[in-house]
S.K.: 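Right, I'll just put the structure down here and ask away after.
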Amino acid sequence: MSRQLPSVSKKLEAPPIPTKTTVTVPLAEVPAACHISRRVDVAHLTRRQAETLKRVQRSLEDSGGVMANGRPVRRCSDAIKWLIDQIADANAS
C-alpha cells in the first residue's frame with residue numbers, strides 16, 4: 001500500500017519593496033594638518049543597526065549599486081563605503 005504525502009500549498013510572497021530615506025548629515029571642515037584615517041572598524045552593532053546595514057547592503061546589491069571606484073556593492077563594508085561616497089558626492093555639488 002503506498003502512502004501519499006499531503007500536498008503543501010505555500011503561497012510565495014513577493015519580497016518587500018525597498019524603501020528610500022533622506023538623512024541630513026553634518027559635515028565639518030577638516031584642517032589641512034589633520035590626520036585622516038583610511039580605516040574604520042565597526043564592531044558590536046546593535047541588532048537594529050546590523051539589520052539596517054544588511055537591508056542597505058542587500059538593496060544596493062539587488063539594484064546593481066556600485067561604489068565610486070566602480071566596484072559593485074557585495075558586502076556590508078561596501079555599503080558603508082557607498083554611503084560615504086554619496087555624502088561626499090552630495091557635498092561636492
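Residue numbers start at 1 and run along the sequence shown. Computed over heavy atoms, backbone and side chain alike; hydrogens, waters and symmetry mates excluded.
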S.K.: Does Leu53 share a hydrophobic cluster with Ile84, counting links as ILVMFWY side-chain heavy atoms below 4.5 Å and allowing steps through other members?
M.R.: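 Yes, it is one cluster - the side chains of Leu53 and Ile84 are joined through contacts under 4.5 Å.
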S.K.: How long is the gap from SG on Cys76 to CZ on Arg58, to the nearest 0.5 Å?
M.R.: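 Cys76 SG to Arg58 CZ: 10.5 Å, rounded to 0.5 Å.
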S.K.: Enumerate the residue pairs fulfilling side chain to side chain donor-acceptor pair (under 3.5 Å) with a member in residues 41-52, sequence neighbours excluded, ordered by first and then second residue.
M.R.: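 Listed once each, the pairs are Arg39-Asp41, Thr46-Gln49, Arg47-Glu51.
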S.K.: Is there a donor-acceptor pair closer than 3.5 Å between any side-chain N or O of Asp85 and the backbone N or O of Ala68?
M.R.: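 Yes.
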S.K.: Begin with the C-alpha distance, continue with both residues' side-chain angles, and end with the deciding distance and a verdict on side-chain contact (heavy atoms from CB on, under 4.5 Å) for Val73 and Val66.
M.R.: CA-CA 5 Å; Val73 174; Val66 291; 6.0 Å; no
S.K.: Starting at CD of Glu29, measure out to SG of Cys34 and round the result to the nearest 0.5 Å.
M.R.: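 These two atoms lie 11.5 Å from each other.
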S.K.: Please enumerate all residues that pass salt bridge (charged side-chain N to carboxylate O under 4.0 Å, His left out) together with Arg38, with sequence neighbours excluded.
M.R.: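 Partners of Arg38 by the salt bridge (charged side-chain N to carboxylate O under 4.0 Å, His left out) criterion come out as none, since no residue qualifies.
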S.K.: Which residues satisfy the salt bridge (charged side-chain N to carboxylate O under 4.0 Å, His left out) test with Glu61, sequence neighbours excluded?
M.R.: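 By the salt bridge (charged side-chain N to carboxylate O under 4.0 Å, His left out) rule, Glu61 matches no residue at all.
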S.K.: Please identify each residue that fulfils side chain to side chain donor-acceptor pair (under 3.5 Å) with Thr21, with sequence neighbours left out.
M.R.: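 So Thr21 forms no side chain to side chain donor-acceptor pair (under 3.5 Å) with any residue.
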S.K.: What are the two closest heavy atoms between Ala79 and Val56, and how far apart are they?
M.R.: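 Closest heavy-atom pair between Ala79 and Val56: CB-CG1, 4.1 Å.
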S.K.: So, do Val40 and Ile80 sit near enough that their side-chain heavy atoms are less than 4.5 Å apart?
M.R.: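 Not in contact.
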S.K.: Could you tell me which residues satisfy side chain to side chain donor-acceptor pair (under 3.5 Å) with Gln86, sequence neighbours excluded, listed by chain and number?
M.R.: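 Scan of Gln86 (side chain to side chain donor-acceptor pair (under 3.5 Å), adjacent residues dropped) gives none.
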S.K.: Taking only residues at least two apart or on different chains, which pairs with a member in residues 64-81 satisfy side chain to side chain donor-acceptor pair (under 3.5 Å)?
M.R.: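 For residues 64-81, and leaving out neighbouring residues, there are no side chain to side chain donor-acceptor pair (under 3.5 Å) pairs at all.
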